[in-house]
K.L.:
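First the structure, then my questions, so here it is.
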Amino acid sequence: MNLSDSKKKLALAGVVCGLVAAALAYFGNPANMAICIACFVRDTAGALGMHQAAVVQYARPETVGIVLGAFLISIATKEYRSTGGSSPMTRFVLGMVIMIGSLVFLGCPLRMVIRMSAGDLNAYVALIGFVAGIATGAYALKKGFSLGRAHETNAMSGAVLSAMMVVILALAVGTTLLISSKEGPGSMHAPIIIALIGGLIFGAFAQKSRMCFAGSIRDVILMKNFDLLTVIAGLFVVMLIYNIATGNFHASFVGQPIAHTEHIWNILGMYAVGLAAVLAGGCPLRQLVLAGQGSSDAGVTVLGLFAGAAVCHNFGLASSGEGTTPAGRIACILCILVLLVIAFVGNKRKS
Amino acid sequence: MKEVDARGLSCPEPLMMTAAILKETKEPVKVLVSEPHQKTNIEKYAKDHGKKAVTIEKDSEFEIVIE
């Protein structure tokens with residue numbers, strides 16, 4: 001099965017993922033969030049007690065499902081490769097930065113598109129920053145940026161993150177050890193079985209279509225290639241139809257669920273996410289998928305996302321519907337400076 | 001034959017390296033990559049640019065000859 005060899009199949013994969021996102025929103029996930037990777041990793045980090053923000057703690061079965069969906073489909077279609085060793089610590093930092101930027105804006109690139117499909121104009125403003133960040137990353141790549149080669153590792157190594165996800169799911173379903181929000185976004189969720197199946201389908205289709213929100217725009221800038229953008233367009237159209245049909249479409253800046261209107265920080269937050277995602281070789285969704293198909297480097301980036309979520313909520317960096325925080329604004333600037341160092345100092349491709 | 005060794009590199013480096021060498025030379029080019037999606041991308045790039053790509057799978061890696 002190859003979904004990436006024609007634009008029609010790519011668009012179809014986007015439509016399937018859009019239907020999953022719409023179904024999850026319908027069955028109880030928070031408004032305009034549906035299947036936001038940053039939000040759901042943050043919620044899962046909270047469930048594990050990595051942060052104590054009471055309203056965003058819940059082990060999201062979607063996160064587990066995406067990793068396992070990618071793992072299973074890559075095994076089934078012989079695309080599983082256990083690899084690692086391409087600047088793992090730099091990738092950890094990139095993961096942290098992706099989460100910090102996402103929580104300044106309030107959403108990963110996937111949620112940005114979902115917010116756009118619901119008429120949230122702040123997300124369109126953030127898109128400017130996201131594209132600018134990707135363009136900066138593309139410029140760094142043209143100048144020879146590289147995190148170096150990954151090498152084949154023992155087959156078991158690439159399956160560790162998938163195994164950890166199974167353990168999280170088992171703890172969530174079979175014990176009371178994990179924390180679950182009583183109110184707020186963390187308390188709003190689709191039934192576990194629907195969320196898990198949704199995640200599995202999403203992960204499998206994302207793996208076969210190479211869906212990547214940063215990669216789609218990066219490929220347009222670098223290669224004039226619109227293939228990956230076709231997947232995102234498919235998802236956007238389905239969510240747009242869903243939002244209009246259910247009365248959730250409201251074109252405005254104010255009054256959008258779990259969003260703020262500080263334009264400069266929406267731009268800078270997503271600038272950091274776009275740049276970090278290009279340097280790491282993919283958006284948060286793509287990192288989960290690559291980790292599922294055996295990349296320990298992507299696995300380390302995912303651990304960086306978890307650590308970033310803990311930092312955001314333990315030190316007051318995360319924004320809320322009220323707006324950004326002083327600490328969040330300082331962290332966002334520092335993150336961009338760190339990214340520029342990673343992009344332009346030291347990480348050169350070796351011939 | 002010119003060779004591009006892009007094994008183990010993250011996207012989009014293999015494709016960028018291939019595009020750069022195809023601009024430089026009209027000779028056949030051999031490209032080595034590790035990941036199946038990178039193989040697909042290189043094959044598609046070659047086809048889109050009017051070239052023929054023949055791929056051999058070696059162990060878990062791919063050798064693509066573009067001419």
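Lettering of chains follows the sequences in order, A, B, ..., and the numbering in each one begins at 1. Worth saying up front: this structure is predicted, and the values here are computed from it rather than measured.
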K.L.:
Considering only NZ, NE, NH1 and NH2 on the basic side and carboxylate oxygens on the acidic side, decide whether B/Glu57 and B/Lys39 come within less than 4.0 Å.
P.N.:
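Looking at B/Lys39 together with B/Glu57, the answer is no, because their closest N to O distance does not fall below 4.0 Å.
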K.L.:
Check whether B/Glu35 gets within reach of chain A through its side chain, its backbone, both or neither, counting any heavy atom under 4.5 Å.
P.N.:
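B/Glu35 touches chain A through side-chain heavy atoms alone.
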K.L.:
Verify the neighbour count for atom NZ of A/Lys142: are there more than 12 heavy atoms of other residues, nucleotides or ligands below 6.0 Å?
P.N.:
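Atom NZ in A/Lys142 is not packed in, count stays at 12 or less.
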K.L.:
Given heavy-atom pairs under 4.5 angstrom as the criterion, report whether the side chain, backbone, both or neither of A/Asp227 touches chain B.
P.N.:
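When you check distances to chain B, only side chain atoms of A/Asp227 fall under 4.5 Å.
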K.L.:
Using a cut-off of under 4.5 Å on heavy-atom pairs, state which of B/Ala6, B/Ser10, B/Pro12 scores highest against chain A.
P.N.:
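Max contact count across the listed options: B/Pro12.
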K.L.:
Any non-hydrogen side-chain atom of B/Ile42 less than 4.5 Å from a side-chain atom of B/Leu15?
P.N.:
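A side-chain contact exists here, since the closest heavy-atom pair is under 4.5 Å.
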K.L.:
With a 3.5 Å distance limit and no angle check, can you tell me whether A/Asn347 reaches the backbone of A/Ile342 through a side-chain donor-acceptor pair?
P.N.:
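Yes; judged by distance alone, with no hydrogens or angles, the pair exists.
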K.L.:
Less than 4.5 Å to any heavy atom of chain B: does that hold for the side chain of A/Leu222, its backbone, both, or neither?
P.N.:
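Contact with chain B: side chain only.
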K.L.:
Where on B/Ala20 is there a heavy atom nearer than 4.5 Å to chain A: the side chain, the backbone, both, or neither?
P.N.:
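Contact with chain A is absent: no heavy atom of B/Ala20 under 4.5 Å.
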K.L.:
Run the side chain to side chain contact (heavy atoms under 4.5 Å, CB included) check on A/Lys7 and A/Phe226 step by step: do they pass?
P.N.:
CA-CA 9 Å; A/Lys7 281 206 172 65; A/Phe226 289 78; 4.1 Å; yes
K.L.:
Could you check if a side-chain atom of B/Cys11 sits within less than 4.5 angstrom of a side-chain atom of B/His37, using non-hydrogen atoms only?
P.N.:
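With C-beta onward as the side chain, the pair touches.
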K.L.:
Tell me whether B/Glu27 is salt-bridged to B/Lys2, with the criterion being a basic N under 4.0 Å from an acidic carboxylate O.
P.N.:
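No, this pair does not count.
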K.L.:
Mind ranking B/Met17, B/Arg7, B/Glu13 by heavy-atom pairs under 4.5 Å with chain A and telling me who comes out on top?
P.N.:
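Between B/Met17, B/Arg7, B/Glu13, the count favours B/Glu13.
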K.L.:
With a 4.5 Å cut-off on heavy-atom pairs, point out which of B/Met16, B/Glu43, B/Lys44 contacts chain A the most.
P.N.:
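Maximum pair count with chain A is reached by B/Met16.
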K.L.:
Does some side-chain heavy atom of A/Phe213 sit less than 4.5 Å from a side-chain heavy atom of A/Pro284?
P.N.:
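With C-beta onward as the side chain, the pair stays apart.
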K.L.:
Just give me the residue among A/Lys78, A/Met223, A/Arg210, A/Arg81 that pairs up with chain B most often, heavy atom to heavy atom, under 4.5 Å.
P.N.:
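Sorted descending by pairs with chain B, the first entry is A/Arg81.
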K.L.:
Which region of B/Ser60, side chain (C-beta onward) or backbone (N, CA, C, O), has a non-hydrogen atom less than 4.5 Å from a non-hydrogen atom of chain A, or is it both or neither?
P.N.:
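Looking at B/Ser60, backbone and side chain both touch chain A.
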K.L.:
Identify which part of A/Ser146 has an atom lying under 4.5 Å from any heavy atom of chain B, answering side chain, backbone, both or neither.
P.N.:
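Both parts, heavy atoms under 4.5 Å.
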K.L.:
Which answer fits B/Asp5, side chain, backbone, both or neither, if we ask what part of it has an atom under 4.5 Å from a heavy atom of chain A?
P.N.:
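Contact with chain A: backbone and side chain both.
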